[in-house]
Protein chains: 2
Amino acid sequence: MGDAVDLLLDQWRRERPDVDPWPMGVVGRVSRLAKLLNRELKEFFASYGLEHWEFDVLATLRRSGPPYELAAGTLVKAAMVTSGAITNRIDRMVAKGLVDRLPDEGDRRSVRVRLTDRGLALVDEMLAPHVANEERLLAALDPRDRDHLADALRTLLASLGDTTLG
Amino acid sequence: MGDAVDLLLDQWRRERPDVDPWPMGVVGRVSRLAKLLNRELKEFFASYGLEHWEFDVLATLRRSGPPYELAAGTLVKAAMVTSGAITNRIDRMVAKGLVDRLPDEGDRRSVRVRLTDRGLALVDEMLAPHVANEERLLAALDPRDRDHLADALRTLLASLGDTTLG
DNA sequence: GTTGATAATCTCAACGTTGAGATAAAAACA
DNA sequence: TGTTTTTATCTCAACGTTGAGATTATCAAC
């Protein structure tokens, strides 16, 4: 059973036999899979009235533990976006009543972002269905394969410096 | 050696021990890895004065073989973007002299996009360095691991219906 | 050979991100 | 203490994509 990337590799081998395209077999698949998974997740989040990035912010705050509060800069690193994007996201989520923006007592440059009761209730309600949805998307892999897959991805991420959440 | 996702999984296990978060170990890593790889590739393409998407279009046309020409709709499917995005991309690449937009003789709704001589020379010049760059990004994986990784990703992609380039 | 459905592309406003710069505070150091 | 550097966030214009709608062409069936 082949995928779109198998076709792509065959085309390159025919057109440019002087180049071994194997790295595309990994990089291309990671990229396509991320895009497809994103589409599926987006549908799930939409069914709760949320954007994907909104859930990401809620989840980041939730898993940090009580008082469900982080600096804006921590959210920047966790989401791998720029500071401008986080400012925008916080604005919208404050307007929606999902988080509060609080001054940091010890450092007046910094802003604390805290889950509201509503935000906390929503993310706690969504977590189990969200994980079940992801599990569905990975159902084609048996437990051994999925563990090996996670291991290989971890190796790559670590080699690229992805070792901290901020 | 752990990565950012290991920390994330630990946090969830502590905060919500009632939910087994293992699917995040795969989905989260695919998403983060795609983002990191994209950043690296972007730098490489910029060194040739190209955007990532420009190279994608050039490469899609190049690997299709002579006459290096495809319908706009084929590019939509290959790039996994909407038709509006492809119209925009073709406009810019025509202006840059990398592709030509030609009428389809047999179907007047359709538009053919063809590599110019310059576009062909550029993508042919870039291919080997591009693959070498991707190889560098995957250097942390030995040949056996990388094959297993590609296999697992193929399984997932095929299960999600990613079986054609258009 | 009309009619209706389907298909390919283009148009365009809304949206979110980026990247550079501004602002203000904290830290480092002389 | 005063000066410089670094850090945290916000601002905002430019950019590219999306998603819905419009346009034009083809196909299927009668």
Side-chain angles (χ1 to χ4, degrees), chain A residues 31-32 34-36 38-43 45-46 49-57 60 69-96 98-114 164 166, chain B residues 31-32 34-36 38-43 45-46 49-57 60 69-96 98-114 164 166:
Chain A
S31 171
R32 288 184 81 90
K35 211 150 186 168
L36 287 178
N38 252 326
R39 281 189 193 164
E40 298 281 343
L41 295 182
K42 184 178 178 177
E43 275 187 52
F45 295 131
L50 288 184
E51 300 295 325
H52 191 162
W53 57 262
E54 288 180 298
F55 180 80
D56 278 348
V57 172
T60 302
E69 176 189 314
L70 292 170
T74 304
L75 294 176
V76 166
K77 289 171 203 148
M80 300 202 287
V81 294
T82 59
S83 63
I86 285 295
T87 296
N88 186 22
R89 291 180 180 188
I90 298 171
D91 284 349
R92 293 160 178 276
M93 292 181 74
V94 167
K96 236 170 139 171
L98 295 172
V99 302
D100 286 327
R101 201 192 237 115
L102 309 168
D104 185 312
E105 300 303 333
D107 183 341
R108 274 181 299 177
R109 295 169 304 180
S110 192
V111 167
R112 307 291 296 181
V113 180
R114 174 151 46 179
T164 167
Chain B
S31 172
R32 287 185 81 91
K35 210 150 188 170
L36 287 177
N38 253 327
R39 282 189 193 164
E40 299 281 342
L41 295 181
K42 184 178 177 178
E43 275 187 52
F45 296 131
L50 288 185
E51 300 294 325
H52 192 162
W53 56 262
E54 289 180 298
F55 180 80
D56 278 348
V57 172
T60 302
E69 176 190 314
L70 292 170
T74 305
L75 294 175
V76 166
K77 288 171 204 148
M80 301 202 287
V81 294
T82 59
S83 63
I86 284 295
T87 297
N88 186 22
R89 290 179 180 188
I90 298 171
D91 284 348
R92 293 160 178 274
M93 292 181 74
V94 168
K96 234 169 141 174
L98 295 172
V99 302
D100 286 328
R101 200 193 237 113
L102 308 167
D104 186 312
E105 300 304 333
D107 185 341
R108 276 180 297 179
R109 293 169 304 179
S110 193
V111 167
R112 308 291 296 181
V113 180
R114 173 149 51 178
T164 168

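This structure is a prediction, so every number in the text was calculated from the model and none was measured. Note on naming: letters A, B, ... go to the chains in the order of the sequence lines (proteins, then strands), and numbering restarts at 1 for each one.
- For B:R108 and D:dT23, the shortest distance from a side-chain N or O to OP1 or OP2 is not below 4.0 Å.
- Toward the 5′ end of DNA chain C lies the nearest nucleotide of A:T82, the other residue of the pair A:T82 and A:D107 mapping further downstream.
- If you take CD of A:E51 and P of C:dA14, they are 17 Å apart, rounded to a whole angstrom.
- For the pair A:K77 and D:dT7, the criterion of a side-chain N or O lying under 4.0 Å from OP1 or OP2 is not met.
- The terminal axes of the helix from C:dG1-D:dC30 to C:dA30-D:dT1, fitted over 5 pairs per end, subtend an angle of 30° to the nearest 10°.
- Residue contacts for B:G84: at a heavy-atom cut-off of 4.0 Å it reaches a base atom on one of the strands shown.
- Applying salt bridge (charged side-chain N to carboxylate O under 4.0 Å, His left out) to A:E54 and the options A:R89, A:K96, A:K42, A:R92 leaves one that passes, A:K96.
- No donor-acceptor contact under 3.5 Å links the side chain of B:R109 to the base of D:dT26.
- D:dG19 atom P lies 16 Å from atom CG of B:N88, rounded to whole Å.
- In this structure, A:W53 places its CH2 atom 13 Å from P of C:dT18, rounding to the nearest Å.
- With rounding to whole Å, A:D104 atom CG is found 12 Å from C:dA26 atom C1'.
- Summarising the geometry, the separation between CZ on A:R39 and C1' on D:dG19 is reported as 13 Å, rounded to the nearest angstrom.
- At the phosphate of D:dC10, OP1 or OP2 sits under 4.0 Å from a side-chain N or O atom of A:R101.
- Listed pair B:R92 / D:dC15 fails the phosphate criterion, with no side-chain N or O lying under 4.0 Å from OP1 or OP2.
- Per the geometry, CG belonging to B:D91 stands 12 Å off P belonging to C:dC12, to the nearest Å.
- Rounded to whole Å, the distance from CD1 on A:I86 to C1' on C:dG16 is 12 Å.
- Not one side-chain nitrogen or oxygen of A:S110 sits closer than 4.0 Å to the OP1 or OP2 atom of D:dT7.
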